Novice: 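Have a look at the structure that comes next, please.
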Amino acid sequence: QVELVESGGGSVQAGGSLRLSCVASGRTVSSYAMGWFRQAPGKEREFVASIARSGGNSYHADSVKGRFTISRDNAKNTVFLQMNNLRPEDTAVYYCAARRDGRYYAGAPSYDYWGQGTQVTVSS
């Protein structure tokens with residue numbers, strides 16, 4: 001069993017930055033692909049970014065490309081999401097997820113473990 005705990009959320013003004021962290025426990029996730037998703041009030045959960053097990057390959061949604069960057073530190077069992085130039089439309093609960101298949105992927109149903117989420121609020 002893998003437990004994922006997100007941190008780093010908060011409230012910022014538009015144009016600001018936040019760095020989310022997700023620490024895995026229970027077992028090492030170095031062989032897992034990791035992903036970030038978000039869900040805004042009244043909307044479906046949407047893909048943000050995913051990174052392969054080695055960290056060498058990643059994929060970002062078009063809505064965040066050039067502003068957000070996913071990375072990982074396998075030695076610390078941790079994945080990060082650096083968010084720059086935040087916009088009000090980025091306001092959502094952000095979830096970390098782990099996928100046994102080590103390849104990055106955008107589809108939420110393919111992820112096996114999920115964190116509880118961390119709130120990000122961006123004001124204009």
Side-chain angles (χ1 to χ4, degrees):
Q1 188 71 14
V2 174
E3 293 188 6
L4 303 172
V5 178
E6 303 96 335
S7 64
S11 297
V12 295
Q13 290 190 327
S17 298
L18 285 172
R19 188 191 195 205
L20 305 184
S21 299
C22 171
V23 179
S25 62
R27 63 178 299 168
T28 181
V29 293
S30 59
S31 63
Y32 289 46
M34 302 295 293
W36 286 98
F37 293 79
R38 67 186 182 186
Q39 188 167 17
K43 295 187 177 181
E44 293 186 355
R45 190 171 297 189
E46 66 171 349
F47 169 77
V48 175
S50 179
I51 189 166
R53 58 190 172 196
S54 68
N57 292 299
S58 62
Y59 176 65
H60 298 75
D62 287 343
S63 58
V64 305
K65 202 169 293 183
R67 301 187 298 123
F68 292 11
T69 303
I70 189 171
S71 62
R72 66 190 298 164
D73 184 339
N74 284 339
K76 296 182 178 180
N77 238 21
T78 302
V79 63
F80 305 97
L81 185 68
Q82 178 66 45
M83 305 187 296
N84 298 328
N85 192 20
L86 282 159
R87 304 168 180 170
E89 54 264 38
D90 295 318
T91 295
V93 177
Y94 283 71
Y95 297 91
C96 172
R99 182 172 185 250
R100 290 191 193 95
D101 188 315
R103 296 169 294 179
Y104 65 82
Y105 194 68
S110 71
Y111 285 78
D112 301 290
Y113 302 100
W114 291 84
Q116 294 299 308
T118 185
Q119 177 71 46
V120 172
T121 303
V122 185
S123 58
S124 57

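No experiment lies behind these values; they were computed from the predicted model shown.
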Novice: Mark yes or no for whether Asn57, through its side chain, and Ala52, through its backbone, hold a donor-acceptor pair below 3.5 Å.
Specialist: no

Novice: Of the options Gln1, Glu3, Arg27, which is the one that meets Tyr113 in a side chain to side chain contact (heavy atoms under 4.5 Å, CB included)?
Specialist: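 Result: among Gln1, Glu3, Arg27, Gln1 is the only option passing the side chain to side chain contact (heavy atoms under 4.5 Å, CB included) with Tyr113.
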
Novice: Could you tell me whether the side chain of Asn74 and the main chain of Arg53 form a donor-acceptor pair under 3.5 Å?
Specialist: yes

Novice: Report, as yes or no, whether the 6.0 Å neighbourhood of atom NZ on Lys76 holds more than 12 heavy atoms from other residues, nucleotides or ligands.
Specialist: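 At most 12 heavy atoms, drawn from other residues, nucleotides or ligands, come within 6.0 Å of this atom.
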
Novice: Angle class for the Phe37/Trp114 ring planes (parallel below 30°, perpendicular above 60°, tilted otherwise)?
Specialist: tilted

Novice: Looking at Thr91, Leu20, Leu81, which one forms a side chain to side chain contact (heavy atoms under 4.5 Å, CB included) with Val120?
Specialist: Leu20

Novice: Does any N or O in the side chain of Gln39 come within less than 3.5 Å of the main-chain N or O of Ala92, such that one atom is a donor and the other an acceptor?
Specialist: no

Novice: Looking at CZ of Arg99 and CE of Met34, how far apart are the two atoms once the value is rounded to the nearest 0.5 Å?
Specialist: 12.5 Å

Novice: Ignoring hydrogens and geometry, is there a side-chain-to-backbone donor-acceptor pair from Arg87 to Val122 under 3.5 Å?
Specialist: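 Side chain of Arg87 to backbone of Val122: no pair is present.
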
Novice: Heavy-atom distance under 4.5 Å between the side chains of Leu18 and Phe68, does that happen here?
Specialist: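 No, side chains not in contact.
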
Novice: Do Cys96 and Trp36 have side-chain heavy atoms sitting under 4.5 Å apart?
Specialist: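 Yes, at least one pair of side-chain atoms sits under 4.5 Å.
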
Novice: Looking at Ser30, Ser25, Ser31, which one forms a side-chain hydrogen bond (donor to acceptor under 3.5 Å, both in side chains) with Thr28?
Specialist: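 The option that passes is Ser30.
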
Novice: I'd like to know if the side chain of Tyr111 and the backbone of Tyr105 have a donor-acceptor N/O pair within less than 3.5 Å.
Specialist: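 Yes, Tyr111 side chain to Tyr105 backbone: donor-acceptor pair under 3.5 Å.
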
Novice: Any donor-acceptor pair under 3.5 Å linking the side chain of Asp73 with the backbone of Thr78?
Specialist: no

Novice: Can you tell me if Asn84 uses its side chain to pair, donor with acceptor, with the backbone of Gly66 under 3.5 Å?
Specialist: no

Novice: Check whether any side-chain N or O of His60 sits under 3.5 Å from a backbone N or O of Ile70 as a donor-acceptor pair, and report yes or no.
Specialist: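 Yes, the answer is positive, given that a donor and an acceptor are paired below the 3.5 Å cut-off.
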
Novice: State, without any angle test, whether Tyr94 and Arg38 hold a side-chain donor-acceptor pair at a distance under 3.5 Å.
Specialist: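 Yes.
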
Novice: What's the separation between atom OG in Ser71 and atom CZ in Arg19, rounded to the nearest 0.5 Å?
Specialist: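 Ser71 atom OG to Arg19 atom CZ measures 6.0 Å (nearest 0.5 Å).
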
Novice: Checking Asn77 side chain against Val29 main chain: does a donor-acceptor pair fall under 3.5 Å?
Specialist: yes

